[in-house]
Participant: 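Pasting in a structure now, in structure tokens, and then I'll have a few things to ask.
Letters go in sequence order (proteins before strands), and every chain restarts at 1.
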Amino acid sequence: MAKIRRNDKREMPALNTSSLPDIIFMLLFFFMSVTSMKEVSYKVTCSNSPQASELTKLEKKSLVRYIYVGKPTEQYAKQFGTDTRIQLDDQFAETNEIGDYIINERSAMKEDEQGKLTVSIKADKETRMGIITEIKQELRRAYALKISYSATQRTNGL
Amino acid sequence: MAKKIPQINASSMADISFLLLIFFLVTTSMDVNQGLARRLPAPIPPNQEKADQDINKRNLLIVKINSRNQVTYRDGSMEMGDLQEIDIKDLKAKAKEFILNPQNKAHLPKLVREDFGGPFGEMEYTKDHVISVQNDVDTQYQAYLDVQNELVAAYNEVRNECALEFYHKSYNELEEDQQKLIQKIYPQKISEAEPKNYGN
């Protein structure tokens, strides 16, 4: 009589994970290519950017300088108040420092690229135009005439 | 007999690459840098008096955004100080009509006949039109960008229609020199006024 042998301890065969690193590496490379490094840590709340539909991409990263405009984030609000402030690179700045900043940045660039400098204004959509107008006047004085109002693609209509 | 090389234990490889992946996820941001590209006018030399440009009234469209984000405009049909309220949704159509002046109306910019060569030949266009955007100190940034956006959209539509008519392709599909030609016919003439101190 055939006896059905019951194996009390039948082990699951080990899953072959040798291709797991390759899969993860693929993911890694995908993310590395589609994302970009953060330029600076924000000290102002400019992530709430305005919406527009006629956008153009900023092509060359090395030619773009950023001016962040917004209210200081919570951790800086005590020190700097809640009024709209400007951030250049990693620190708060006044409007009259923009000219020097642009001139410094421009002289650090290659000579043939100096004329192509683009300034991207990343401002919160709640910002009042007074400070933006002041920034624009400073940029004009520093001959940084190519500007871009940073915005996100509008998803719903006006 | 050749000595067998012991196999390297690669089981931690996955963990290492996971770590790298998470590191990159944290330090990078997905957002592409895009924005509304504009060009500022060159500064006025300090020793030069601010020359009030004499623009014919019919060639000028003033779009003003007040402190309550209301959009008003004035074109050639209105008196000097008058401003008429306009909904932001209608601004693009208004700007297009102003740029093209298809019916050659007397209060819209003067049409000038010029030879552009290429497939265009001689055609009429509004040579000296200017759209002037004015804003108040308290205007919201979003409202200002909305207006700028609608004006740029009007120009893009005009250029696209021109491209479809003469090249039977959309403006974005054209070669660079063809785009340049169309830009010459319809240059973006959005002037940003010198800041003024308005009342209230």
Participant: Give the member of A:K136, A:Q153, A:E126 that has the highest number of heavy-atom pairs under 4.5 Å with chain B.
Facilitator: A:K136
Participant: Mind ranking A:L58, A:I23, A:I131 by heavy-atom pairs under 4.5 Å with chain B and telling me who comes out on top?
Facilitator: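 Of the options given, most contacts go to A:L58.
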Participant: Answer whether the closest heavy-atom distance between the side chains of B:D128 and B:K110 falls below 4.5 Å.
Facilitator: no
Participant: With only heavy atoms counted, which part of A:E134 is less than 4.5 Å from chain B, the side chain, the backbone, both or neither?
Facilitator: neither
Participant: For chain A, which of B:V152, B:L21, B:N149 has the most heavy-atom pairs under 4.5 Å?
Facilitator: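 The option with the most such pairs is B:N149.
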Participant: For A:Y42 and A:Y68, take the angle between the two ring planes, folded into 0 to 90°, and tell me which bin it lands in: parallel under 30, tilted 30 to 60, perpendicular over 60.
Facilitator: tilted
Participant: Using 4.0 Å as the upper bound for N to carboxylate O, is an ion pair formed by A:R154 and B:D146?
Facilitator: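 A:R154 and B:D146: salt-bridged.
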Participant: Which atoms of B:L145 are under 4.5 Å from chain A, going by heavy atoms: the side chain, the backbone, both sets, or neither?
Facilitator: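 Contact with chain A is through the side chain of B:L145 alone.
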Participant: Looking at every non-hydrogen atom in both residues, tell me the closest pair between A:K116 and A:K146 and how far apart they are.
Facilitator: O-NZ, 4.1 Å
Participant: Name the region of A:D124, side chain, backbone, both or neither, that has any atom closer than 4.5 Å to a heavy atom of chain B.
Facilitator: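 The answer is the backbone of A:D124.
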Participant: Give me the ring orientation class for B:Y141 and B:Y144: parallel if the planes are under 30° apart, tilted from 30 to 60°, perpendicular past 60°.
Facilitator: parallel
Participant: Between A:S53 and chain B, with a heavy-atom cut-off of 4.5 Å, which part of the residue counts as in contact: side chain, backbone, both or neither?
Facilitator: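 Both parts, backbone and side chain.
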Participant: Side chain, backbone, both or neither: which part of A:A144 has a heavy atom under 4.5 Å from chain B?
Facilitator: backbone
Participant: What option among B:A14, B:A153, B:P43, B:A37 has the most heavy-atom pairs under 4.5 Å with chain A?
Facilitator: B:P43
Participant: For the residue pair A:Y66 and A:Q87, establish whether any side-chain heavy-atom pair is separated by less than 4.5 Å.
Facilitator: no
Participant: Would you say A:T45's side chain and A:K71's backbone share a donor-acceptor pair under 3.5 angstrom?
Facilitator: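 Confirmed, A:T45 side chain pairs with A:K71 backbone.
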Participant: Of the backbone (N, CA, C, O) and the side chain (C-beta and beyond), which part of A:I132 lies under 4.5 Å from a heavy atom of chain B, both, or neither?
Facilitator: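 A:I132 touches chain B through side-chain heavy atoms alone.
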